[in-house]
S.K.: 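Sharing a structure with you now.
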Amino acid sequence: MTDLQDLTPLQALLAKTPLSDDARRKGQLHGNTVKHLRNLIVTGVLAPGARLNERELCEEIGVSRTPIREAIKTLVQEGLLRALPNQSPVVSDLDIEEIQALIDVVSTIEGLAGELAAAQVGEEAIAEVGLLHYQMMLHHTRDELPAYFEANKAFHRRIIELSRNSVLIWVWELLALRVDRARYTSNLWPARWDKAIEEHQLILDALTARDPARTGQALRAHVRNGLSTLVAALRAKQGGTRSPADTP
């Protein structure tokens with residue numbers, strides 16, 4: 001912790017001045033509102049192209065228009081919403097080029113994380129990853145996609161953490177928001193969701209065997225398969241043809 005003696009008088013004063021309860025409440029209100037709206041977009045409740053109605057959102061979330069407007073500004077900065085002159089903001093479309101770029105970057109990051117994790121993982125950590133996989137299978141069986149997605153994200157994050165590479169973890173977190181929306185959408189097709197369960201089992205098996213090469217390969221393939229399904233579906237939609245993702 002920084003020594004107050006090393007700070008300027010103004011910095012020292014600010015450091016010793018706690019946030020008021022009102023400021024804390026406002027911060028929590030903003031954070032919760034952003035989280036709620038972001039979740040609506042990531043999970044597709046607010047679909048690409050959907051126009052936001054501030055009054056309806058206020059009623060649904062139970063807040064005034066001020067936190068809604070501030071949350072909208074944040075989500076515009078994140079790229080999840082598009083601001084239009086003199087119009088309500090709309091949910092941004094999923095961008096094919098961006099998803100293709102994510103495939104290259106995220107598959108590389110997660111593959112490397114898998115290799116590093118498998119080379120040093122312990123029994124307790126393997127059990128943790130296995131439990132998350134079991135939770136995913138359970139939610140899949142019950143057709144609980146939102147709960148499955150939370151377990152899925154935890155599964156991937158745990159493997160990233162097990163790499164014990166702080167820079168790798170930092171980069172993955174930076175990309176997490178963009179990846180979340182694409183990953184969730186890719187699992188909306190039953191055939192892809194079924195396949196994802198099989199791929200997670202391959203990842204767990206390779207990690208359990210402490211095989212770096214196989215773990216990295218399984219993770220790279222999993223990321224590519226999932227996001228490539230989404231790219232194919234978006235292209236099919238643009239061309240008015242049947243999506244490969246609809247094939248059983």
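Along the sequence shown, the residues carry numbers beginning at 1.
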S.K.: Determine whether Leu112 and Asn165 make a side-chain contact, defined as any pair of heavy atoms from C-beta on separated by less than 4.5 Å.
M.R.: no
S.K.: Could you state the interatomic distance from CZ (Arg192) to CG (Leu188), rounded to the nearest 0.5 Å?
M.R.: 12.5 Å
S.K.: Hey, what do you get for CD1 (Ile68) to CD (Glu59), rounding to the nearest 0.5 Å?
M.R.: 11.0 Å
S.K.: Report yes or no: do Asp205 and Gln201 form a side-chain donor-acceptor pair below 3.5 Å?
M.R.: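 Judged by distance alone, the side chains do pair up.
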S.K.: Give a yes or no on whether a salt bridge exists between Arg210 and Glu123, defined as a side-chain N under 4.0 angstrom from a carboxylate O.
M.R.: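 Answer for the salt bridge query: yes.
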S.K.: List the steps, then state whether side chain to side chain contact (heavy atoms under 4.5 Å, CB included) holds for Ile197 with Tyr148.
M.R.: CA-CA 10 Å; Ile197 289 291; Tyr148 167 87; 3.7 Å; yes
S.K.: Once ring pair (Phe, Tyr, Trp, His ring centres under 6.0 Å) is applied, do any residues pair with His139, and if so which ones, sequence neighbours excluded?
M.R.: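 Partners of His139 by the ring pair (Phe, Tyr, Trp, His ring centres under 6.0 Å) criterion come out as none, since no residue qualifies.
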S.K.: Where do Ala125 and Leu162 come nearest, in terms of heavy atoms and distance?
M.R.: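 Nearest heavy atoms, Ala125 then Leu162: CB-CD2, 3.5 Å.
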S.K.: For the backbone of Ser88 and the side chain of Arg51, can you confirm whether one donor and one acceptor N or O come within less than 3.5 Å of each other?
M.R.: yes
S.K.: Any chance you could measure Ile203, atom CD1, to Leu219, atom CG, to the nearest 0.5 Å?
M.R.: 4.0 Å
S.K.: CD/Glu78 to CZ/Arg181 distance, rounded to the nearest 0.5 angstrom?
M.R.: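 Atom-to-atom, Glu78:CD and Arg181:CZ are 11.5 Å apart.
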S.K.: What are the two closest non-hydrogen atoms of Ser107 and Val223, and how far apart are they?
M.R.: N-CG1, 3.7 Å
S.K.: Restricting to non-hydrogen atoms, name the atom on Ser92 and the atom on Gly79 that form the minimum distance, rounded to 0.1 Å.
M.R.: OG-O, 2.9 Å
S.K.: More than 12 non-hydrogen atoms from neighbouring residues, nucleotides or ligands closer than 6.0 Å to CD on Glu97, yes or no?
M.R.: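 Atom CD in Glu97 is not packed in, count stays at 12 or less.
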S.K.: One pair to check against side chain to side chain contact (heavy atoms under 4.5 Å, CB included): Lys195 and Glu199. What are the steps and the verdict?
M.R.: CA-CA 6 Å; Lys195 189 63 176 177; Glu199 291 169 358; 3.5 Å; yes
S.K.: In terms of side-chain geometry, is the basic nitrogen of Glu150 or Lys153 positioned less than 4.0 Å from the acidic oxygen of its partner?
M.R.: no
S.K.: Taking all non-hydrogen atoms of both residues, which atom of Gly216 and which atom of Glu115 are closest, and how far apart?
M.R.: CA-CG, 3.8 Å
S.K.: Out of curiosity, does Val179 fall in the hydrophobic cluster containing Trp189 (side-chain heavy atoms, cut-off under 4.5 Å, transitive links)?
M.R.: yes
S.K.: Heavy atoms, side chains only, cut-off 4.5 Å: are Thr74 and His30 in contact?
M.R.: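 In short, these two side chains touch, coming nearer than 4.5 Å.
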S.K.: Let me see the working for Tyr184 and Asn152 under side chain to side chain contact (heavy atoms under 4.5 Å, CB included), right down to the final yes or no.
M.R.: CA-CA 10 Å; Tyr184 192 99; Asn152 174 65; over 6 Å; no
S.K.: So do Arg38 and Leu80 actually touch side chain to side chain, heavy atoms under 4.5 Å?
M.R.: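 Yes, side chains in contact.
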S.K.: Is there a donor-acceptor pair under 3.5 Å between the side chain of Ser228 and the backbone N or O of Asn225?
M.R.: no
S.K.: Work out which heavy atom in Ser186 is nearest to a heavy atom in Gly226; give both atom names and the distance.
M.R.: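 Minimum heavy-atom contact is CB-O, 3.3 Å.
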S.K.: Using a strict 4.0 Å threshold on nitrogen-to-oxygen distance, state whether Glu110 and Arg224 make a salt bridge.
M.R.: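 Arg224 and Glu110: not salt-bridged.
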S.K.: Could you check whether any side-chain heavy atom of His140 comes within less than 4.5 Å of a side-chain heavy atom of Met136, counting everything from C-beta outward?
M.R.: no
S.K.: Salt bridge (charged side-chain N to carboxylate O under 4.0 Å, His left out) with Arg157: which residues, sequence neighbours excluded?
M.R.: Glu173
S.K.: Between Glu54 and Leu57, is there a side-chain heavy-atom distance shorter than 4.5 Å?
M.R.: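 Result no, sub-4.5 Å side-chain heavy-atom pair not found.
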S.K.: Whether the side chain of Gln120 engages the backbone of Leu116 through a donor-acceptor N/O pair (distance < 3.5 Å, no angle test) should be reported.
M.R.: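 At least one qualifying donor-acceptor pair exists.
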S.K.: If Ile, Leu, Val, Met, Phe, Trp and Tyr residues are connected whenever their side-chain heavy atoms lie under 4.5 Å apart, and connections chain through other members, are Leu52 and Leu84 in the same group?
M.R.: no
S.K.: A quick test of your reading: do over 12 heavy atoms of other residues, nucleotides or ligands sit less than 6.0 Å from CD of Glu124?
M.R.: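 No.
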S.K.: How are the rings of His200 and His133 set relative to one another: parallel (under 30°), tilted (30 to 60°) or perpendicular (over 60°)?
M.R.: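 His200 and His133: tilted rings.
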S.K.: Mark yes when over 12 heavy atoms from residues, nucleotides or ligands other than Arg164 sit less than 6.0 Å from its CZ; otherwise mark no.
M.R.: no
S.K.: Where is the tightest heavy-atom contact between Pro89 and Ile72, given as atom of each residue plus distance?
M.R.: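 Heavy atoms only, the tightest pair is CG-CG2, 3.7 Å.
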S.K.: Taking atom CD1 of Ile160 and atom CZ of Phe155, what is their separation to the nearest 0.5 Å?
M.R.: 11.0 Å
S.K.: CD of Gln217: more than 12 outside heavy atoms within 6.0 angstrom?
M.R.: no
S.K.: Going only through I, L, V, M, F, W and Y residues with side-chain contacts under 4.5 Å, is there a path from Leu227 to Trp193?
M.R.: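 Different clusters: Leu227 never reaches Trp193 through Ile, Leu, Val, Met, Phe, Trp or Tyr contacts under 4.5 Å.
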S.K.: Side chains of Arg183 and Val42, heavy atoms from C-beta outward: is any pair under 4.5 Å?
M.R.: no
S.K.: Spell out, yes or no, whether Ile41 and Ile61 are grouped together once hydrophobic residues are joined by side-chain heavy atoms under 4.5 Å, including indirect joins.
M.R.: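 Yes, Ile41 and Ile61 fall within the same hydrophobic cluster.
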S.K.: Out of curiosity, Leu230 CG to Leu102 CG, how far, rounded to the nearest 0.5 Å?
M.R.: 10.0 Å
S.K.: Using side-chain heavy atoms (C-beta onward) and a distance below 4.5 Å, is Val121 in contact with Thr215?
M.R.: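 With C-beta onward as the side chain, the pair stays apart.
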S.K.: Do Leu46 and Leu81 share a hydrophobic cluster, counting only Ile, Leu, Val, Met, Phe, Trp and Tyr and linking them when any side-chain heavy atoms are less than 4.5 Å apart?
M.R.: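 Both belong to a single hydrophobic cluster.
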S.K.: Does a side-chain heavy-atom distance below 4.5 Å link Lys35 with Asn39?
M.R.: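 No, side chains not in contact.
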S.K.: Can a donor-acceptor pair be found, under 3.5 Å and without considering hydrogens, that links the side chain of Asn32 to the backbone of Gln28?
M.R.: yes
S.K.: Before giving the answer on side chain to side chain contact (heavy atoms under 4.5 Å, CB included), spell out for Arg235 and Val231 the whole-Å C-alpha distance, their side-chain angles and the decisive distance to 0.1 Å.
M.R.: CA-CA 6 Å; Arg235 282 180 172 162; Val231 169; 4.0 Å; yes
